[in-house]
Amino acid sequence: MNGVLVLMEQRGGKWNRMSFEALAAGQQLAAKLGAECSAAVIGEGADTLAAELAAKKLAKIFTVQHPLLQTYTSDGYVAAFEQLLKQADPTYVLLPHTYQVRDFAPALATRFRQVLISDVIAVHDGPVFVRQLLQGKLNADYKSAGTGPCFVSVQAGTFRAEAVEAGTATGTAITANFTPQLEANQIRSKPGEPFREAAQTVDLSAARLIVSVGRGIGEQENIGIVEELAKALGAELAASRPICDNGWLPMERQVGSSGQTVSPKLYLAIGISGAIQHLVGMKGSKTVIAINKDENAPIFEVADYGVVGDLFEIVPALTKAVLAAKN
Amino acid sequence: MKILVAIKQVPERDAQISIAADGRWIDESDLSYTINEPDAYALEEALQLKEKNGGEVVVLCAGPERVTSTLREALAKGADRAIHIEADDLGERDTLGIAQLLADAARAESPDLILTGLQSDDLGLGQTGVVLAELLGIPHATIIMQVEVTTAGLKVKRELEDGWFQYVEMPLPALLTIQSGGNKLRYATLMGIKKAKTKETKTVQAAPATAAQAITLERVYLPEKQKKTEILTGTPAEVAAKLVEKLKFEVRAI
Ligand SMILES: Cc1cc2nc3c(=O)[nH]c(=O)nc-3n(C[C@H](O)[C@H](O)[C@H](O)COP(=O)(O)OP(=O)(O)OC[C@H]3O[C@@H](n4cnc5c(N)ncnc54)[C@H](O)[C@@H]3O)c2cc1C
Ligand SMILES: Nc1ncnc2c1ncn2[C@@H]1O[C@H](COP(=O)(O)O)[C@@H](O)[C@H]1O
């Protein structure tokens, strides 16, 4: 086949929307290479979802199905995709950088003695794949030097799902069913049903104003100054993951990929560096203000207004000014 | 139960980063280093499992001489032994190459359980643990918050996106990549630091890389600014006054 194959993610017949970002990336890479882009859908319900893909600009659509693939397991997915890739023989394999992909794709690449280029934020001519180092402080260019397929996972939000190209009437994709050979004893782990923790008492998704605190606060005792600012503004208090990991604020105040997704009118980020897992939870905010002592902190990349300085000087001054303005 | 914990030494988070002269990595000369954060949680989980179930905790790190300070810290926190795979050329090895080094050391120990962090702060690959499990032919689970030993093996709590979780059961030996926040981290006590001096650190020389790298890091650089952030300057009081203006008239939050 050569060309690009995109491994789409779904659960119970519902797409993970990041799959379409990976599909857009796959189509763009294929265009650069002058090659064709195909897609694969795995698991129960793949048929219906594949039909949806028929309208996209794709050469081939593979549906990968087997009774042992009903629920996700790394063992099942690695074995099934290994067989598919051996048959389809793509040059590039693109995936969305989801938790599930983190769980199986490195092992899949290892089967081919290749290394996944993970969490890619851009693809340039070459192709050169750009990924972040040091939590977004630096970018790095990577190239594949391998002889097998090149595996690439793309970061959430870096390619636009709306950019997926539709097919033409003449060039409809061919759908092929692929049934891998799997034995029950190949699947070593038993996954349980997904669940949520006890009902959340704080719903940040509806908050109009959010003041959010990160590790720059240094110690639990210092959180008071941020709390005072939140109170002065009438804002909800939120936090980055390390604050909740340390138990300084409850888990339910965490914003990010493993916490809440918020879209307030104002998101005031204090001592937060702006790692991608935090950004995905708050990029939808209307106005972002960041206070950080590091002018290169990635949070400034999403901030409308920024203050480069010591939060311990700026936050109390701001609280005072807000209170004065309100009176 | 014998638990092997792979820990990585990474630059301190607040470190001022500058790019090395060859443009392929950061300048390491003035950096201070620490344990990769999720790895600290992996070590904590291992120590708690040992306290509950008995056994041994062995810490493993591949890297240059400087990484022994991180291994010593792990010994001071309660690990029983340390293995240092001495390698000055990790930059010329890809994930597969590094996982191969760890796999060789792991085979020699045949642990019941291997823990790694879910991701390193510097490279951020999020892969080394999974590749290591694949090389060893043992099952794995990623982004784990809690570990329970059962008669059949393990029951672990795996974090999913958006606040969802699931339990996964698997036989031993197995490998888990640990997420931060599952436990409260302990500090090394004075007693622990003293005891660490008597504990064994075995140094093994890294085998030379056998295969060519499958992927190569060509160049590192500061990200280009895409967004025009309006930076407000002045004394704290002046900055606060400017922010209040914005909050009043632009954001309409006051
Ligand atoms: C699978 C996975 C899921 C994750 N989920 C989430 C999630 O849901 N939410 C989340 O937030 N993170 C999540 N993370 C963690 C994320 O990668 C980052 O580690 C985290 O967001 C960093 O938090 P931080 O910005 O508070 O800390 P740091 O990155 O340590 O940043 C602290 C910042 O404070 C600044 N600072 C320090 N002192 C001062 C001062 N005196 N004045 C002003 N500024 C100061 C520093 O310059 C720095 O930028 C996840 C990670 C993984 C791998
Ligand atoms: N050089 C190393 N020595 C020991 N463990 C490592 C090393 N590199 C990576 N690891 C482990 O693999 C995990 C994931 O790293 P990475 O794949 O680089 O994101 C880390 O959290 C460590 O537990």
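Order of the sequence lines fixes the chain letters, A, B, ..., with proteins taken first and strands second; residue numbering starts at 1 for each chain. All values below were derived from every heavy atom in this structure, side-chain atoms included, with hydrogens, water molecules and symmetry-related copies excluded.
When heavy atoms are compared at a cutoff of 4.5 Å, A/Asp103 approaches chain B by way of both its backbone and its side chain. Heavy-atom distances place the backbone of A/Glu193, and not its side chain, under 4.5 Å from chain B. Heavy-atom distances place both the backbone and the side chain of A/Ser258 under 4.5 Å from chain B. With a 4.5 angstrom heavy-atom cutoff, A/Val288 does not touch chain B via any of its atoms. With a 4.5 Å cut-off on non-hydrogen atoms, B/Ala212 does not touch chain A at all. Proximity to chain A (any heavy atom under 4.5 Å) is restricted, for B/Lys246, to the side chain, taken from C-beta onward. For chain B, the nearby part of A/Gln277 is the side chain; its heavy atoms alone come within less than 4.5 Å. If you measure heavy-atom distances from B/Val251 to chain A, the contacts under 4.5 Å come from both the backbone and the side chain. Heavy atoms closer than 4.5 Å to chain B are found in the backbone of A/Gln132, but not in its side chain. Interface remark: B/Ile143 contributes side-chain atoms only to the contact with chain A (heavy atom separation under 4.5 Å). Only the side chain of B/Ile19 comes within less than 4.5 Å of a heavy atom in chain A; its backbone stays farther off. With a 4.5 Å cut-off on non-hydrogen atoms, A/Thr147 does not touch chain B at all. Residue contact with chain A, scored on non-hydrogen atoms closer than 4.5 Å, is absent for B/Ala174. For B/Arg13, the parts sitting under 4.5 Å from any heavy atom of chain A are the backbone and the side chain alike. Interface residue A/Leu209: only side-chain heavy atoms are found under 4.5 Å from chain B. Neither the backbone nor the side chain of A/Leu108 comes within less than 4.5 Å of any heavy atom in chain B. Contact annotation for A/Ser74: only side-chain heavy atoms (C-beta onward) come within less than 4.5 Å of a heavy atom of chain B. When heavy atoms are compared at a cutoff of 4.5 Å, A/Glu295 approaches chain B solely by way of its backbone atoms N, CA, C and O. Looking at A/Lys286, neither its backbone nor its side chain comes within 4.5 Å of chain B, counting heavy atoms on both sides.
Annotation: side chain of A/Tyr305 is in contact with side chain of B/Glu250 (closest heavy-atom distance under 4.5 Å). Using a 4.5 Å heavy-atom threshold, the side chains of B/Ile254 and A/Leu233 count as touching. The side-chain heavy atoms of B/Val244 and A/Val322, taken from C-beta on, include a pair separated by under 4.5 Å. The closest side-chain heavy-atom distance from B/Glu218 to A/Val128 is not below 4.5 Å. In this structure the side chain of B/Lys242 never reaches within 4.5 angstrom of the side chain of A/Val307, judged on heavy atoms. Taking the side chain as every heavy atom from C-beta outward, A/Glu301 and B/Pro223 never approach each other to under 4.5 Å. Side-chain contact between A/Leu133 and B/Leu123: present, with at least one pair of heavy atoms (C-beta onward) separated by less than 4.5 Å. Side chains of B/Leu222 and A/Leu138 form a contact here, defined as non-hydrogen atoms less than 4.5 Å apart.
Distance alone, capped at 3.5 Å, places no donor-acceptor pair between the B/Arg158 side chain and the A/Pro191 backbone. For A/Ser189 (side chain) and B/Met170 (main-chain N/O), no donor-acceptor pair under 3.5 Å exists by modelled atom type.
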Practice item. Evaluate the side-chain contact (heavy atoms from CB on, under 4.5 Å) criterion for residues A/Phe129 and B/Ile215: first the C-alpha distance (whole Å), next the side-chain angles of each, then the deciding distance (0.1 Å), finally the verdict. Key: CA-CA 10 Å; A/Phe129 300 98; B/Ile215 61 172; over 6 Å; no
Practice item. Test side-chain contact (heavy atoms from CB on, under 4.5 Å) on A/Leu134 and B/Ile26 and set out the steps. Key: CA-CA 10 Å; A/Leu134 296 149; B/Ile26 52 174; 4.0 Å; yes
Practice item. For side-chain contact (heavy atoms from CB on, under 4.5 Å), just list the numbers for A/Lys293 and B/Asp14, CA-CA rounded to whole Å, side-chain angles, deciding distance to a tenth of an Å, and then say yes or no. Key: CA-CA 10 Å; A/Lys293 68 173 185 189; B/Asp14 266 8; 3.3 Å; yes
Practice item. With side-chain contact (heavy atoms from CB on, under 4.5 Å) as the test, would you mind laying out the steps for A/Ile289 and B/Leu247 before giving the verdict? Key: CA-CA 10 Å; A/Ile289 301 180; B/Leu247 291 171; 3.9 Å; yes
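Counting heavy-atom pairs closer than 4.5 Å to chain A, the top residue among B/Thr216, B/Val239, B/Leu232 is B/Thr216. No other option in B/Leu154, B/Val131, B/Thr233 has as many heavy-atom pairs under 4.5 Å with chain A as B/Val131. Among A/Ala235, A/Gly306, A/Gly192, the residue with the largest count of heavy-atom pairs under 4.5 Å with chain B is A/Gly306. Heavy-atom pairs under 4.5 Å with chain A peak, among B/Lys155, B/Gln166, B/Lys248, B/Arg252, at B/Gln166. Taking B/Ile17, B/Leu217, B/Val220 one by one and counting their heavy-atom pairs under 4.5 Å with chain A, the maximum is reached by B/Leu217.
Residue-environment remark: CZ (A/Arg111) exceeds the threshold of 12 foreign heavy atoms within 6.0 Å. No more than 12 heavy-atom neighbours from other residues, nucleotides or ligands sit within 6.0 angstrom of NZ on A/Lys190. Counting non-hydrogen atoms of neighbouring residues, nucleotides and ligands closer than 6.0 angstrom, the NZ atom of A/Lys326 exceeds 12 such neighbours. More than 12 heavy atoms of other shown residues, nucleotides or ligands fall within 6.0 angstrom of atom CZ in B/Arg186. No more than 12 heavy atoms of other residues, nucleotides or ligands lie within 6.0 Å of CG in B/Asp30, so this atom counts as exposed by the packing criterion. Within 6.0 Å of NZ on B/Lys228 lie no more than 12 heavy atoms contributed by other residues, nucleotides or ligands.
Remark: B/Asp112 engages no residue in a salt bridge (charged side-chain N to carboxylate O under 4.0 Å, His left out) (not counting sequence neighbours).
Listed by first and then second residue, the side chain to side chain donor-acceptor pair (under 3.5 Å) pairs that reach into residues 94-105 of chain B are B/Asp104-B/Arg107, sequence neighbours excluded.
Scanning all heavy atoms of the two residues, the minimum distance from A/Pro106 to B/Gly126 falls at CG-O, 4.4 Å. Closest of all the heavy-atom pairs between A/Arg188 and B/Ile138 is NH1-C, 3.5 Å. When all heavy atoms of A/Arg196 and B/Gly163 are compared, the closest pair comes out as CG-O, 3.8 Å. Taking every heavy atom of both residues into account, A/Ala303 and B/Lys227 meet most closely at O-CE, 3.3 Å. Scanning all heavy atoms of the two residues, the minimum distance from A/Ala107 to B/His140 falls at CB-CE1, 4.5 Å. The minimum heavy-atom distance linking A/Tyr99 with B/Glu161 is given by the pair N-OE2, 3.1 Å.
Of the inter-residue distances, the one linking A/Asp75 atom CG with B/Glu134 atom CD reads 8.5 Å to the nearest 0.5 angstrom. Here the straight-line distance linking atom CG of B/Asp122 with atom CD of A/Gln135 works out to 9.5 Å at 0.5 Å rounding.
Note on B/Glu37 versus A/Arg215: salt bridge recorded, some NZ/NE/NH1/NH2 to OD/OE distance being below 4.0 Å. Salt-bridge annotation for A/Arg241 and B/Glu159: present, with a side-chain N of the basic residue lying under 4.0 Å from a carboxylate O of the acidic one.
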